[in-house]
Number of protein chains: 2
Amino acid sequence: MPVNDQPVTLADVAAVAKVSAQTVSNVLRRPERVLPKTRRKVEAAIEQLGYHPNYAARALRASASHVIGLRIEPTSTEVVGSIHDRFLHALAEAGRPSGYHIQLFTADDAAAEAETARTLIRAGAADGVVLYDVRAQDPRPGLLLAGRVPFVSFGRTVSGTGEYSWVDVDDETGISDAVDHLVERGHRRIGYIGWPEDFSVGVRRARGWRDAMTRHGLPTDLDARAEDTMPAGSQAAGRLLDDPHPPTAIVAATDTIAVGIHHEATTRGLRPGADLAIVGFDDTPTALAFGLTSIGQPVTEAARAIMELLVDTVAKPDRHAVHGRLLAPRLVVRASSRSARP
Amino acid sequence: MPVNDQPVTLADVAAVAKVSAQTVSNVLRRPERVLPKTRRKVEAAIEQLGYHPNYAARALRASASHVIGLRIEPTSTEVVGSIHDRFLHALAEAGRPSGYHIQLFTADDAAAEAETARTLIRAGAADGVVLYDVRAQDPRPGLLLAGRVPFVSFGRTVSGTGEYSWVDVDDETGISDAVDHLVERGHRRIGYIGWPEDFSVGVRRARGWRDAMTRHGLPTDLDARAEDTMPAGSQAAGRLLDDPHPPTAIVAATDTIAVGIHHEATTRGLRPGADLAIVGFDDTPTALAFGLTSIGQPVTEAARAIMELLVDTVAKPDRHAVHGRLLAPRLVVRASSRSARP
DNA sequence: ATGAAAGCGCTAACAG
DNA sequence: CTGTTAGCGCTTTCAT
């Protein structure tokens, strides 16, 4: 590693290579326009000086920062299985090929998030933002649209999806696959534990379960609701297990709830996988640790799709094509549901 | 929210306020140099136009990006309790007062991380970086030092700590507090499960346990080692519990291991907290969910300290003061160790 | 107290 | 194919 604190500029390289600054720039951005011989000369000089083009200058000149903003949410202390950090990493990785960097910002609520995003854009600190975990009634897409902030969302609102680009995972199919899998194993009393109805969250997951059950001609009475915490999951599981005709399998809307079910089952002397099948959602490390079958979101693929759409959106903020991309989840079968119903 | 796509510049504001661009700049950066009357006039214009200073231009002019780089690591699929995401959020938040933004980058290994960091600095894309989770034999501080990359680390190497600024948590005291707490509850057979010796990781945690036990005149034979996964924790716990004189309490080097212990105990019909006390490390959501006593790291405080030191380091990269800051962890007592030994 | 000039490093547009 | 000119938006001199 050469140690040289003086910032090396285009002009320095040009001087060493005995060409103009413009030619150096061309070597970097339009190599085909430059004679191979001069190119090699310039490249040697670049190498020798350890030159790196200055981001700020490029950004200023090009009016493009190549930065994507992302609000980082405070982690809930009650959620034990989240794909948030996996998503962050995947997004950072996905930006690499196109030269985009992810910059974090914090905000207290949706309005603040939108406002900060707008400021970032106006200040040229970012070219666009990614909206994480967009829910059915989420106000953020509307706010960003109004503020003319280029963005792509992970998740989508229930309406207005024709107005912005989004990437989402097909929850209904995921849950439906889980139900199919359980039915195949001989289960008929299959319960569901998800968020309370009024949360407007996970309505698609609940619907996925109900529809799948109906499709199989099975009853949908074993429906319990719980907030996304382990104790709430345990409690809800308790209610279902107290039923005169208790479930032999339960599908959960999250891994956190699934662990709660696992815990409740164990406490009652039921062996998960043998006496009670359990399926979670998100395929987090927690699911792996507890041997829980879980519906995994294709996080890497989602991040890639988001960056792709974002590059598009950023390129022509005015009249860019609006795309929605629905990705298929993948059921990861583990011990908690592998064996057939006894 | 005014909608106006034209980027608003200093000159625009100046035109509206009928002053020179320079005066607008002064209003923003040296308000005291400007007559209150003109200042108000300018502020009105700024407000009216929704002006935000352009980051790239500032960065170019000031040769300072106000960006801090941070490598985001791929999440291990086997770790169920991590403070990584909490740290990210805390860092983003900690940068706010001083106007620093966190930018993520990915790298495959320590060498790539150092190299990328160096490139970011040379390109003026970042003013400094934060090194996360620095371990005893970590090569990164040395590499960054050699590459003259301004940085502050969270965690520290075993040697060379006088050459760079770091913030760390006092593991030994944390574990020692846990042992004291258990002894107070009447425990004497207190086991420890941590990383394998040769990992050079967590040597301080292991030492903390050994020293505390010795201080209390208690034996240190119940020492098992496990990698940082739940099954490994369960296995190790099994080995300790198979001892002719099994432990009545176990201290774990991580929450992941602690959950493994919890699981093994439950499987054997031992009630955590009643038949076996368990203490984890990091106070993650997982610990909360399982009612595990855990040694919490002051993540927010650490992030603040890091940003503070970093601002210093970045300001004078050559001859800045080198500081080490050792923060005290905090024992969070929950059901898994609250009651006295029966 | 305010303004004019210059330049941070780069690249688009135009000349040669 | 290469070089010259100009300017992205801002701030640090230096005048006024």
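Predicted, not measured: the structure shown is a model, and the values here were computed from it.
- Within residues 13-27 of chain A, the residues having any heavy atom closer than 4.0 Å to DNA chain D are, in order of number, A:V19, A:S20, A:Q22, A:T23.
- Not one side-chain nitrogen or oxygen of A:Y55 sits closer than 4.0 Å to the OP1 or OP2 atom of C:dC8.
- A:R304 CZ: 12 or fewer foreign heavy atoms inside a 6.0 Å radius.
- Against DNA chain D, the stretch residues 32-46 of chain A makes heavy-atom approaches under 4.0 Å through A:R33, A:V34, A:L35, A:T38.
- A straight line from NE2 of A:H52 to P of C:dC10 spans 12 Å, rounded to a whole angstrom.
- What you find for B:L143 and B:A111 is that their closest heavy atoms are CD1-CA, 4.1 Å.
- Rounded to whole Å, atom P of D:dC10 lies 16 Å from atom NE2 of B:H66.
- Listed nucleotides C:dG7, C:dT11, C:dG9 differ in distance to B:R61; the shortest reach to its side chain belongs to C:dG7.
- Toward the 5' end of DNA chain C, the nearer of the two residues B:A57 and A:L28, judged by each one's closest nucleotide, is B:A57.
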Exercise. Does the pair A:T23 and A:S20 meet the rule for a side chain to side chain donor-acceptor pair (under 3.5 Å), with working shown?
Worked result: CA-CA 5 Å; A:T23 299; A:S20 76; 3.3 Å; yes
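- A close approach under 4.0 Å does not occur between any side-chain nitrogen or oxygen of A:R58 and OP1 or OP2 of D:dC8.
- Taking atom CG of residue B:L60 and atom C1' of nucleotide C:dG7, one finds them 9 Å apart after rounding to whole Å.
- Of all the heavy atoms in A:A94 and A:M307, the pair that sits closest is CB-CG, 3.6 Å.
- The minimum heavy-atom distance between A:A321 and A:H323, with the atom names listed, is CB-NE2, 3.5 Å.
- Considering A:T300, A:D133, A:V130 as possible partners of A:F87, the one that fulfils the side chain to side chain contact (heavy atoms under 4.5 Å, CB included) test is A:V130.
- The distance between atom OH of B:Y51 and atom P of D:dG9, rounded to the nearest whole Å, is 10 Å.
- In this pair, B:Y55 and B:H101 present their aromatic rings perpendicular. The plane angle is above 60°, beyond the 30 to 60° band.
- A close approach under 4.0 Å does occur between a side-chain nitrogen or oxygen of A:R29 and OP1 or OP2 of C:dT11.
- Closest of all the heavy-atom pairs between A:V322 and A:G162 is CG1-O, 3.4 Å.
- When all heavy atoms of A:A21 and A:L10 are compared, the closest pair comes out as O-CD1, 3.8 Å.
- As rounded to whole Å, 12 Å separates atom P of D:dC8 from atom CG of B:L10.
- Taking atom CG on A:D12 and atom P on C:dC8, their separation rounds to 11 Å, with Å as the unit.
- Among the heavy atoms of the strands lying under 4.0 Å from A:T9 are primed sugar atoms or P, OP1, OP2 only; no base atom is included.
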